Amino acid sequence: MSNRPKVAFYWCASCGGCEEAVVDLAEVLLDVAAAVEIVLWPVALDFKRHDVEAMPDGSIDLTFLNGAIRTTEQEEMAVLLRRKSKLLVAFGACAQLGGIPGLANLWDRRSIFDAVYADAPSTVNPEGVRPETEFREKGRAVELPGFYDDVKTLAQVVDVDYLVPGCPPTPALLASAVEALLNDHPPPRGSVLAPDRALCEDCPRRESKPETLLVAEFRRPHLTMIEEEKCLLSQGLLCLGMATRAGCGAACIRGNMPCSGCFGPTSRVKDHGAKALSAVTSLIDSGNQEEIDRILATIPDPVGSFYRYGLPASLLRRKRLET
Amino acid sequence: MSEHKSDIRTGVYVCHCGTNIASVVDVREAARHAASLPGVEISREYKYLCSEPGQALIRQDILERGLNRIVVAACSPHLHEETFRTAAAAAQLNPFHVQMINIREHNSWVHEDKARASRKAEKLIRAAVRRVAHHKPLERVRVPINPAVLVVGGGIAGIHAALTVANAGRQVYLVEREPSIGGHMAMFDKTFPTLDCAACILTPKMSAVKAHPNIKLWTHSDVTDVQGYVGNYRVKVTRWPRMVREELCSGCLECVAACVFKEAKVPDEFNFGLSKRKPIYIPFPQAVPQVPLIDMENCIQFRTGKCKKACAQACGDRKAIDFQQGEEIKEVDVGTIIVATGSKTFDAERAAYYGYGTYPNVYTSLEIERLVNACGPTAGRVVLRNGETPKSVAIIHCVGSRDENTNRWCSRVCCMYSLKLAHLLKEHTGAEVFNFYIDMRTPGKGFEEFYQKLLNEGVHFVRGRVAEVTEWALDQSEEGKLVLRVEDTLLGLVRRIPVDMVVLSVGMEPHADASEVRRLFNITCSSEGFFLERHPKLAPVNTFTDGIFLAGSCQGPKDIPDTVAQAGAAAAEALALIGAGYMEQEPNAAYVVEDHCSGCGACSALCPYSAITLDAGARRSSIHPVLCKGCGTCVAACPSGAIRQNLFEDEQIFEEITGVLTHG
Amino acid sequence: MQALTLRKMKFQREALPQWVEQISDIPGCERVYSCIQCGTCSGTCPLSIYMDFTPRRVIALVREGFRTEALTCQTIWLCASCYACTAHCPQNVHITEVMYSLKREAIRHRMYPPRFPIPVLAQEFYKSVRRRGRNSEFWLVLRMALRSNPFLLLKMIGTGWRLLRTGRLSLKREKIERIQEIQKEFAAPREAIS
Amino acid sequence: MAEDKFEPRIVAFFCNWCTYLAADLAGVSRLKYAPNLCVIRVMCSGRVDPQFILDALAKGADGVLIGGCHPGDCHYQEGNYKALRRFRLLQRMLEDLGIERQRVRLEWISAAEGSRVRSVVNSMTEDLRALGPLRWNSRQASPAGAVEAQ
Amino acid sequence: MKADDSGLAARGYLYYPGCSLRATGVAYEESLLTLFRLLGLPLRELEDWNCCGATSYMSIDEGAAALLSARVLSLARQQGAEDLLAPCSACYLALRKTQDSVHRYPRVQQEVEESLARAGLTLLNSTRIRHPLEVLYTDVGLPAIHTKTVRRWRGGQVACYYGCQLVRPYEGVDKAQNPTRMEELLQQVGVPVVDYALKTKCCGGSLTGTLSEVGLRLNYILLKEAARKGAEAIVTVCPLCQFNLDAYQRDIRQQSGERFDIPILYFTQVLGWALGGGVRELGLHRAVSGRNLIKRWFQAHEPVEAYV
């Protein structure tokens, strides 16, 4: 057997974009592939759960797990891989913060099932079939994973050694992560493998930002002629760059779109959305309540705007469950 | 960064405050609970922690048990935080490793359920213990104190404060809204209880102000802007034009004599219209400065532009009269400010049932002060509007005081000045004088004796609040008189008493613009609208804004002795700061952790003191430690958690939240 | 002229503090405790000069819990509820309301002089309205007089005649149509009256 | 500590210059009010970071009360306005997360309004009693929400 | 607001006479209806109204008094009134007081609502309780009164007397201290008024009947002071005041030994006359005292143009 470090990739509740990021390593991928031995990668190669179970504990040097935890099966795999791996990396926004799937925390299992298996206009389900965790026919039993009320981050179910932010993480970030983690002096455990400053730091438009920035109205990208080169916030666009960790190279801004916060907060911030909200509202140019409310009304969906990627990782984690 | 958990050695001290706390909160249990908390080395309860032995106890524990954190559960930090910080410092512990929590004002005094109050105390202690672990050693910032002092208001309070400071060799700027200093006291004839002549004791002080090399006197002026902070205030004073140039005027008053108005026609403000003045005038003979002014409503020159300007001619080549004079803005830097803006008297027309404004012979006490005044409108002759001498006078106390429908408070001076007026009126007219009082309040040196004197002068004292004053006559004896209907509560009988003259002893109330003035100086008002002192007993002339002090009746109704005493105290406070040369500021400023800042600038717009500067090049913000007043608004706003605040670090507050919410 | 030997002294055992609390609990009577005994009420009251205790003293009796004096004095019956005292009171004591509550209690416990016309009038008024929904002045006065002091009628004849002549004395007994509504309203158990 | 009847837990952030003093005044005047709130002192209502509010709710507070100076009276000129701006949006967001308006209140209470402290605390306590417990920490976002069972 | 303002006319007022205006105070009702007719303001009578509860009622059972007023308020709302016109001071006060305590004391509100419910009624506490004086002053307005005047005043000086319960404790109609609206209205039609210090002193209400010595004395004082001020008549706003001052002048003479024969008018009579009402339709013939003077003052004479 080779003594190349054993690396695993696994996905839970995710869109596959993070897998794309791996593939996007392109020729770099070949070097990586050469440098490491990939022992698990369901997207690309066929592995079964028992293959993993067969591995001795701690035999995987490095596991990149992307996607959030939403089913029992995903939680079991997370636990299993944790046991098998020396280092477990939460890879991408979903694993780190809950990601887009995390917005499901605005509902609960029942309402989601109602929507999917009954209410959705596209649903044809005369028998009103619902997913069941156990299904027996002719004495044979099939088990399906259980479905949680909550979407959780990886760190909410197992200990995580490192986190790589991004939706998806940039190939560059992945490459540097692999390199950083496999060399002799890895960064302190628990660190997020990206700069610990806000995106404004790297923003190509920062010079255009006015000395004191005040906003009298928030505008939505698809309804706005967005000026190139000009600070997006100063154009009234809800850009979360000032509250969001740098490391993406300001990709969205270069694409003339405001930052929506997929890299999550800096290490000092407990709740990305709350801080973003606090900062954004500080820019409102009014002292009178009606005026303030008028301006705030131009932010259509606070939760969706400030917690787009991080609801499960936020202090409240979800919408209140009816008790 | 706070030390590693294991190095935290906290001492918790629970105060009984006699029975103030102990009678409601189970202090023993609280201390026992504290002992069980992580990092707590020792916890004690003690009768009076603020007492010397109490502090000694803490100092001793620090030294002997190597405590490095102190939690004191007692009264409001506004009261004793300083005490315990000093105690800690005396034992070589950084004073800011002390956290105080309030289980008296916020707990034992406001809760009745002892069990729950005790549990609440434990929660608060838990919170403080967790918090204090994250405290860091801090240094106080020293702010230099500009030795110049601004005194606002030229009544007896302002005059005395100004002179005291000036005599200590410090520069004073004295600003008075009216054309002359002197305030209400200048209107009085005599002062109680000694009956010495007000003018004789006030006038010398007024001229002293004018003459004093260290006092810059600006009358007919308003403070229109105040910027800065303790030790370094920048003040704008607007000097309204009096149309007579102060620096050129010799005070000869030829202009007044020469005015084309041969006899005075304009109601005289200083005498409440009891006499008339000319359009160019000085408010009263002893006015300081002795400089006339022109009132533009009535001056022909200003109304028609066609006056032969006799005044200007009379002034001759001094050319003091200047019809073009405009307002003038003075800007001065001072270190401390004494607010002595005084109060006004209650508007008697609000008490319609006493007929002031309806019946000509109903007067306010201030009008009577002028009538009995030797240099008043009648040269001291007390006469009714029709020129006759009153044979009977009624003095009604508590008009606009102790009344839910107008002002609820006791104005403190009315009883005594009513006695004084009773004496003077009797002396001047020999009239039969009735005093109508609810309670006779004579708490002061020589006051009760004065009351005795009046009793023996045969003045009537009827205990009862007059219900109404009317001209309604039941029979001949009442025809043409003002008739009072009142219950003599001591006789338990209702009486009708006809008199020639009624005097309303009006109370004191805040100036109409008190709330604007308060905002100007960033100080607080009590619910009545008087300015609020920092502490009613321990800091009676301080405000919640450092370097701004209160004197006189702007802080509450006061007589002359108390006013002067308070003015002296305010001056002393100002001089104390100046003497020290600097003031130590609470080290609660916000600061930017450079490496964490991305220069997003979210903070810049927030700072009311423009203490935040964004270095665009370096892409970092920074905060000026002295300009920052420590409100923490920018801290709450900083989206990347790069701004922190001493004494109110995020961790510290999160720990408090956890503390008050964890069960047990 | 009272006997020279009449002994006047209030013993604290006669005071009923809990009664004061009951009174102060009645809507409008909250502020009895705030009275500063200034006498404005008595001074402004047009009837105080006929009262045995001035209104101020009645409030004092109430504050001190001397129930018997407060309920048996004539003052409460002389009060014509003109609200002058209430409007003038510097402490916002609603004296008129206090008087009302004392009258009510006095009537409930029959603590007024027998055949004393004022409470009688009140009761007759009350009855007729309960029965008919309106009151008819003529019949009201008639019954009042009969029940208290028939001689009153003699006094009234003159006036009565003049009113009759000017068509101001209606002998009609007014009644509303849906009297049952009022009776239903009063269905709930209330403290019994007369 | 188990309570027979539900007693809401209120975390309060009072500004040092107005509301904290008002609470001191309430004490000095011996006004009695519900012992349901614990006050955390901040220099200005502007210091109240929305994170504090969320953290308190997440850790089991049934309500959060923020006390500041009246508009125009802020010791720091307009910190209370900044607080207001944050608060208005936060309140909307909390409603979207199923947290009723009455649970998070911003009140202007000047140093002279001791009695207002009493009335606000009492009324808020009543409101929360009516609303019932929030108990975010125990019920919400439980480590593993139960599995669908038919 | 002008009287002929269609909106006002259209809205109209629901009118609650109260017991007195159907007996001793009938002249008040007559003159009121006439005056409003002349102003073009329809008055609709509250159907099946009941007694307001009034003064002597409250001294038995305040709760019950409240219930009576509550029924009136409830009917008023049912019958679609925003404004309920209560000319009698006692009624006015009783209704205001009920409204006030329902709104101020939850327990009162509860009792009232429950009791009404038993009678199948609901309390809608939003009805505005109005007095003619206030309506004329604020809704109609002085100018309107002035322009609608068709008769010059031939009479002498009068004293305006408000009595007690209309201005106290609620200040809705006029200020409690020295009210002046009646004077202002009368001056619009050229009636000279004297300054009358006792304008809000109490007439003793029902005391004239129960403790006549006292009641008469109070009214004696009122008459005497008015006369002393040179008033030849007293103008009132309340049926009870009018009754006491008018009906007892002979008894007062017996008691005081001073003779009075002073007309006691309703302000609605004086205004109604100025606007062209007739003697009988204003109930002027119902006066007990000062009948001769009334005859002299109120005789038809040359119309309008002469005036203004």
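Note that the structure is predicted; figures quoted are calculated from it, not measured. So you know, we letter chains A, B, ... as the sequences are listed, proteins then strands, and number each from 1.
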(Q) Between C:Tyr126 and C:Arg130, is there a side-chain donor-acceptor contact under 3.5 Å, judged purely by atom types and distance? (A) yes
Q: Between chain E and each of C:Ser101, C:Gly133, C:Gly28, C:Ser170, count heavy-atom pairs under 4.5 Å; write down the option with the most.
A: C:Gly133
Q) For C:Glu30, is it the side chain, the backbone, both or neither that has a heavy atom under 4.5 Å from a heavy atom of chain E? A) side chain
Q. Between E:Cys202, E:Pro169, E:Gly215, which shows the greatest number of heavy-atom pairs under 4.5 Å with chain C?
A. E:Pro169
Q: Could you check whether the rings of C:Tyr112 and C:Trp77 sit parallel, tilted or perpendicular, using 30° and 60° as the cut-offs?
A: perpendicular
(Q) Given heavy-atom pairs under 4.5 angstrom as the criterion, report whether the side chain, backbone, both or neither of E:Gln177 touches chain C. (A) side chain
Q | Test item: side-chain donor near acceptor, C:Lys175 and C:Ser136, under 3.5 Å | A | no
Q. Side chain, backbone, both or neither: which part of E:Ala117 has an atom under 4.5 Å from a heavy atom of chain C?
A. neither
Q) Should C:Glu97 and E:Arg104 count as an ion pair when the cut-off is N to O under 4.0 Å? A) no
(Q) Using heavy-atom distances under 4.5 Å, tell me whether C:Glu137 contacts chain E through its side chain, its backbone, both, or neither. (A) side chain
Q: Sort out for me which of E:Gly204, E:Ala23, E:Ala287 touches chain C most, counting heavy-atom pairs under 4.5 Å.
A: E:Ala23
Q | Contact origin within E:Arg250 toward chain C - heavy atom pairs under 4.5 Å | A | side chain
Q) Hey, is the main chain of E:Val288 close enough, under 3.5 Å, to the side chain of E:Asp246 for a donor-acceptor pair? A) yes
**Q.** Option in C:Cys79, C:Ala106, C:Cys82, C:Ala145 with maximal non-hydrogen atom pairs under 4.5 Å from chain E
**A.** C:Cys82
(Q) So which residue, E:Gly25, E:Ala247, E:Gly283, E:Gly205, ends up with the most heavy-atom pairs under 4.5 Å with chain C? (A) E:Ala247
Q: Count the heavy-atom pairs under 4.5 Å between each of E:Glu47, E:Glu171, E:His285, E:Gln254 and chain C, then report the option with the highest count.
A: E:Glu47
Q. With only heavy atoms counted, which part of C:Met99 is less than 4.5 Å from chain E, the side chain, the backbone, both or neither?
A. neither
Q) Considering only heavy atoms, which portion of E:Thr24 lies under 4.5 Å from any heavy atom of chain C: side chain, backbone, both, or neither? A) both
**Q.** Contacting region of C:Arg165 [heavy-atom separation from chain E under 4.5 Å]
**A.** side chain
Q: For each of C:Glu174, C:Gln180, C:His88, C:Arg178, tally heavy-atom pairs with chain E at distances under 4.5 Å, and name the one with the top tally.
A: C:Arg178
Q: In plain terms, say whether E:Lys201 and E:Glu225 are close enough for a salt bridge, that is, a side-chain N and a carboxylate O under 4.0 Å apart.
A: no
Q. Salt bridge or not for C:Glu124 and C:Lys127, using N-O below 4.0 Å?
A. yes
Q. Is chain C contacted by the side chain of E:Asp100, its backbone, both, or neither, given a heavy-atom distance below 4.5 Å?
A. neither
Q) With chain C, which of E:Asp48, E:Asn50, E:Thr210 has the greatest number of heavy-atom pairs at distances under 4.5 Å? A) E:Asp48
Q.
Please classify the contact between E:Glu213 and chain C as side chain, backbone, both or neither, with a heavy-atom cut-off of under 4.5 Å.
A. side chain
Q | Side chain / backbone / both / neither for C:Ile49 at chain E, heavy atoms under 4.5 Å | A | neither
Q.
We want to know whether E:Ser31 and E:Thr268 form a side-chain donor-acceptor pair, criterion being a heavy-atom distance below 3.5 angstrom.
A. yes
Q: Go through the atoms of E:Ser212 and report whether side chain, backbone, both or neither lie under 4.5 Å from a heavy atom of chain C.
A: side chain
**Q.** Minimal non-hydrogen separation, C:Gln123 against C:Arg110, with atom names
**A.** NE2-NH1, 4.5 Å
Q | Max heavy-atom pair count under 4.5 Å with chain E, selected residue of C:Leu169, C:Val141, C:Leu47 | A | C:Leu47
Q) Under a 4.5 Å heavy-atom cut-off, does chain C meet the side chain of E:Leu75, its backbone, both or neither? A) side chain
Q) With only heavy atoms counted, which part of E:Tyr248 is less than 4.5 Å from chain C, the side chain, the backbone, both or neither? A) side chain
Q | Flag side-chain contact, heavy atom, 4.5 Å: E:Trp49 against E:Pro17 | A | yes
Q) Under a 4.0 Å N-O cut-off, is there an ion pair linking E:Glu30 with E:Arg286? A) yes
(Q) Quiz question: by atom type and distance under 3.5 Å, do the side chains of C:Gln18 and C:Gln22 form a donor-acceptor pair? (A) no
(Q) Quick check against the 3.5 Å criterion: does C:Ser24 have a side-chain atom that pairs as donor or acceptor with the backbone of C:Arg31? (A) no
Q: Could you verify whether a donor N or O on one side chain and an acceptor N or O on the other, from E:Glu29 and E:Tyr15, lie under 3.5 Å apart?
A: yes
Q. So which of C:Ile26, C:Thr86, C:Thr96, C:Ile118 has the biggest tally of heavy-atom pairs under 4.5 Å with chain E?
A. C:Ile118
